[in-house]
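Worksheet for the structure shown next.
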Amino acid sequence: MSTPHSFISRQCVIFVAIGVSAFGMDIVPGGNNQPISQVVYDVGGSELVQIYEVSGVEDVGNTPVLLKSVNAGGKTLSYFNLGQTKVLNANPQLGLTTGVGVVNNNTVVLSNSDFTAYVDAVAATSMDTNLRHYGFHDFLSLPITDPNAADYDLHFSKAFAEGDSFLVSERWGNSTIQLMALGSDGAPYAGANLISLGGLINPAVGYDAYDWTTGFASSANVPSQAQALTLFSAQKFFDGTSNAYQPVYGLRIFNQTEADLKILGISDDTFADNLDNLQVPEPSTWCAIISCTMGALLRRKRR
């Protein structure tokens with residue numbers, strides 16, 4: 001986020017927008033997050049290891065900056081949930097608002113130019129580890145989106161098992177978002193925590209709401225602001241509630257303070273053997289469906 005646009009209390013969001021029973025949990029540096037102690041990148045084919053976060057922008061460009069691993073709590077997390085992702089229930093107001101889009105290195109897709117392409121582009125941000133590939137909300141024009149309505153649901157092809165984590169990148173590390181855990185049917189889990197990433201930290205202060213400032217900025221989108229990271233366990237959606245852990249298939253995302261987001265699944269174990277999300281068929285599944293359909297048509301024509 002470049003500058004704050006409007007503010008709404010997290011308590012109001014919980015009361016008005018959710019429609020299911022939910023408790024709030026703030027995730028801020030030093031509170032409910034998994035503190036990051038090291039990040040490893042691939043920058044232009046060379047490995048870069050950060051053992052300390054930086055204070056601001058140190059590298060501006062439009063070439064990919066790939067996350068390779070994150071160390072936290074004595075564990076190396078190097079497996080990413082990079083299968084097919086899908087955006088459902090996208091808020092149509094996003095297509096009427098200027099300042100909303102996705103940047104991918106030096107390419108920009110705007111929501112009010114091609115809404116379908118924008119929705120697909122948002123999903124694609126969770127399918128690679130490139131820090132210069134993310135969604136942005138900047139200097140929004142009227143009509144801005146209803147702050148009590150979710151922006152969209154983000155579904156992953158593989159569910160998050162207990163012990164898996166979410167890694168969220170946000171430009172300037174200042175904006176608060178709210179996240180709800182989705183079940184296999186695409187609905188939020190009743191009684192689960194509503195995660196407020198960034199808590200109630202003042203979004204006018206950069207790098208304050210997220211844990212690790214990377215130093216990498218995009219030359220195509222506000223080059224004066226670097227990406228910052230926060231890591232938290234999927235278990236946090238159920239901590240302190242009466243619910244046992246349930247697989248998290250996706251997230252319902254509320255974005256009231258113009259957060260610029262990239263959301264990744266990460267773990268110290270592979271996602272390959274996690275539960276499949278039937279809301280997000282893998283490309284191979286679609287190919288099989290098409291193949292069977294074509295085969296049936298050909299057989300019918302021969303008769």
Side-chain angles (χ1 to χ4, degrees), residues 1-8 57 59-66 82 84-156 168-179 197-198 203-204 206 210 214 216-229 250-264 280:
M1 172 186 162
S2 46
T3 55
H5 181 85
S6 61
F7 304 95
I8 184 168
V57 175
D59 185 299
V60 179
N62 59 20
T63 57
V65 175
L66 305 177
L82 297 179
Q84 192 78 6
T85 60
K86 188 173 183 179
V87 167
L88 298 175
N89 302 321
N91 188 339
Q93 286 183 295
L94 292 170
L96 305 175
T97 304
T98 62
V100 177
V102 172
V103 60
N104 186 2
N105 300 323
N106 58 356
T107 301
V108 174
V109 176
L110 296 175
S111 64
N112 65 340
S113 295
D114 188 332
F115 189 60
T116 299
Y118 164 74
V119 169
D120 291 341
V122 170
T125 62
S126 294
M127 294 170 62
D128 66 39
T129 67
N130 179 17
L131 287 180
R132 289 182 173 139
H133 185 196
Y134 58 89
F136 61 83
H137 285 58
D138 288 319
F139 307 108
L140 303 190
S141 71
L142 295 174
I144 62 171
T145 56
D146 179 355
N148 292 321
D151 272 22
Y152 49 81
D153 294 347
L154 178 65
H155 285 266
F156 293 81
V168 180
S169 174
E170 205 275 325
R171 200 191 69 222
W172 209 34
N174 64 316
S175 296
T176 300
I177 60 170
Q178 281 76 38
L179 304 172
L197 189 61
Y210 286 65
T214 69
F216 294 103
S218 168
S219 60
N221 178 250
V222 193
S224 61
Q225 297 177 355
Q227 295 299 119
L229 305 174
L251 301 171
R252 180 159 295 173
I253 299 169
F254 296 81
N255 185 354
Q256 293 86 31
T257 57
E258 299 185 19
D260 312 295
L261 295 174
K262 183 183 187 73
I263 300 178
L264 296 171
V280 190

Item checked: Closest approach of Gly173 to Ala228 (non-hydrogen atoms, all atoms of both residues) -> CA-CB, 3.7 Å
Check: Taking all non-hydrogen atoms of both residues, which atom of Ile263 and which atom of Phe156 are closest, and how far apart?
Finding: O-CZ, 4.1 Å
Check: Sub-3.5 Å donor-acceptor pair from the side chain of Ser113 to the main-chain atoms of Val109, do we have one?
Finding: no
Next item on the list: Measure the shortest side-chain to side-chain distance between Leu261 and Ile253 over non-hydrogen atoms and say whether it is less than 4.5 angstrom.
Entry: yes
Checklist line | Name of the residue among Leu94, Thr257, Thr97 meeting side-chain contact (heavy atoms from CB on, under 4.5 Å) with His137 | finding: Leu94
Notebook entry, point to check: Do any N or O atoms from the side chain of Thr214 and from the backbone of Gln227 form a donor-acceptor pair under 3.5 angstrom?
Noted result: yes
Item checked: Main-chain N/O of Leu131 paired with Ser169 side-chain donor or acceptor, under 3.5 Å -> no
Check: Any side-chain heavy atom of Val100 sitting closer than 4.5 Å to one from Asn112?
Finding: no
Note to self: For Asp138 and Arg171: C-alpha separation, side-chain torsions, deciding distance, then whether side-chain contact (heavy atoms from CB on, under 4.5 Å) applies.
What the structure shows: CA-CA 11 Å; Asp138 288 319; Arg171 200 191 69 222; 2.7 Å; yes
Item checked: Closest non-hydrogen atom pair, Ala217 against Pro223 -> CB-O, 3.4 Å
Margin query: If you compare all heavy atoms of Ala259 against all heavy atoms of Ile177, which two are closest, and at what distance to 0.1 Å?
Written below: CB-CG2, 3.4 Å
Item checked: Pairwise side chain to side chain donor-acceptor pair (under 3.5 Å) hits with a residue in residues 116-136, at least two apart -> Asp59-Arg132, Asn105-Asn130, Asp128-His133, Asp128-Lys262, Tyr134-Asn221
Item checked: Met127 side chain near Leu82 side chain, heavy-atom distance below 4.5 Å -> no
Next item on the list: Would you confirm whether Tyr152, through its side chain, and Leu251, through its main-chain N or O, come within 3.5 Å as a donor-acceptor pair?
Entry: no
Check: Does Thr98 reach the side chain of Phe139, with side-chain heavy atoms less than 4.5 Å apart?
Finding: no
Check: What pairs with Phe136 under ring-ring contact (aromatic ring centres under 6.0 Å, His included), at least two apart in sequence or on another chain?
Finding: none
Next item on the list: Could you tell me whether the side chain of Thr85 and the main chain of Ala123 form a donor-acceptor pair under 3.5 Å?
Entry: yes
